[in-house]
Amino acid sequence: MTYRTTYRTVLVGTDGSASSFRAVSTAASLAAATGATLVLACAYLPMRENERAAAADRLGDLAYKVGGSTPADDALRAAREHAVAAGARDVVLASEQGDPVDVLVSLAAGHRADLLVVGNRGLNSLAGRLLGSVPSAVSHRAGCDVLIVHTTDGGR
């Protein structure tokens, strides 16, 4: 029996961390192999006013780099480099304000993703087991296939 699934749109979450870039590379390789569009997704939360003021005092003219969507945009640009290096050809960047789980599920639906890829960070922590984690919550809420990539050793 031959079973073949073709993914047309693969969405992968990134927060700019090294472990998230491992998930990006895996998703990019899969997208390249299937000819899918790769959507790089990043959630961000607004900076509180006291944090913004402290950053402005310390960073001066560079304070804009930590406010609004700029950190997410920077993470997405870096993720694009990893995706292209892994072979992705059709790459879309998407950032949205909100909780990471809500944003990933929303963007996956909005982009009509066939596959949502996340890293396993959080699954093996005590907090992740007690409170839930992004990979766990996404796997329960997404309306598409979910691939959880082992991006951390998780004690293995």
Side-chain angles (χ1 to χ4, degrees), residues 1-47 51 65-156:
M1 180 170 109
T2 302
Y3 181 76
R4 179 183 157 120
T5 299
T6 301
Y7 294 114
R8 295 175 309 279
T9 304
V10 175
L11 183 136
V12 60
T14 183
D15 60 5
S17 66
S19 66
S20 77
F21 291 150
R22 289 191 281 281
V24 166
S25 294
T26 297
S29 295
L30 183 57
T34 61
T37 296
L38 178 66
V39 180
L40 301 174
C42 187
Y44 65 92
L45 295 172
M47 185 178 277
E51 293 171 335
K65 289 185 173 254
V66 296
S69 65
T70 301
D73 295 340
D74 289 346
L76 289 172
R77 278 192 292 278
R80 180 196 296 259
E81 292 177 17
H82 288 270
V84 169
R89 292 176 294 282
D90 183 10
V91 180
V92 174
L93 306 183
S95 64
E96 190 173 292
Q97 181 176 313
D99 171 78
V101 173
D102 294 338
V103 167
L104 290 175
V105 170
S106 170
L107 288 173
H111 285 273
R112 300 179 65 140
D114 307 294
L115 178 67
L116 196 160
V117 179
V118 292
N120 71 321
R121 188 171 70 180
L123 283 176
N124 295 317
S125 70
L126 177 59
R129 288 193 299 273
L130 295 176
L131 304 173
S133 64
V134 170
S136 177
V138 163
S139 72
H140 287 84
R141 292 186 41 203
C144 61
D145 289 352
V146 175
L147 172 63
I148 299 173
V149 178
H150 287 276
T151 59
T152 61
D153 67 12
R156 290 190 290 165

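The figures here come from the full heavy-atom set of this structure, side chains too, leaving out hydrogens, waters and symmetry mates. Just so it is clear, the structure is predicted and the values come from calculations on it, not from any experiment.
A distance of 8.0 Å separates CG of Asn120 from OG of Ser19, quoted to the nearest 0.5 Å.
Minimum interatomic distance between Tyr7 and Thr34 (heavy atoms only, all atoms of both residues): O-OG1, 3.4 Å. Annotation for Ser95 and Ala72: closest pair CB-CB, 4.0 Å, computed over non-hydrogen atoms. Residue Ala75 comes nearest to Phe21 through the heavy atom pair O-CE2, 4.0 Å, listed as atom of the first residue, atom of the second, then distance. When all heavy atoms of Arg89 and Ala32 are compared, the pair lying nearest together is NH2-O, 3.2 Å. The two residues Ala79 and Leu40 come nearest to each other via the heavy atoms C-CD1, 3.8 Å. The heavy-atom pair separating Ser139 from Val146 by the smallest distance is CA-CG2, 4.0 Å.
Checking Leu11, Leu147, Ile148, Thr14 one by one against Val118, the side-chain contact (heavy atoms from CB on, under 4.5 Å) holds for a single residue, Ile148. Val12 pairs in a side-chain contact (heavy atoms from CB on, under 4.5 Å) with only one of the listed residues (Thr26, Val39, Val24), which is Val24.
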Show the atom names and distances, to 0.1 Å, of all donor-acceptor pairs under 3.5 Å that link a side chain in residues 99-113 to residues at least two apart or in another chain.
residue, atom, partner, partner atom, Å
Asp99, OD2, Val101, N, 3.0
Asp99, OD2, Asp102, N, 3.2
Asp102, OD1, Arg141, NH1, 2.9
Asp102, OD1, Arg141, NH2, 3.0

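Every residue two or more places apart in sequence or in another chain that forms a side-chain contact (heavy atoms from CB on, under 4.5 Å) with Gln97 is listed here: Tyr44, Pro46.
Annotation: side chain of Arg22 is not in contact with side chain of Val149 (no heavy-atom distance under 4.5 Å). A 4.5 Å side-chain heavy-atom check between Asp145 and Asp114 finds every atom pair outside the cut-off.
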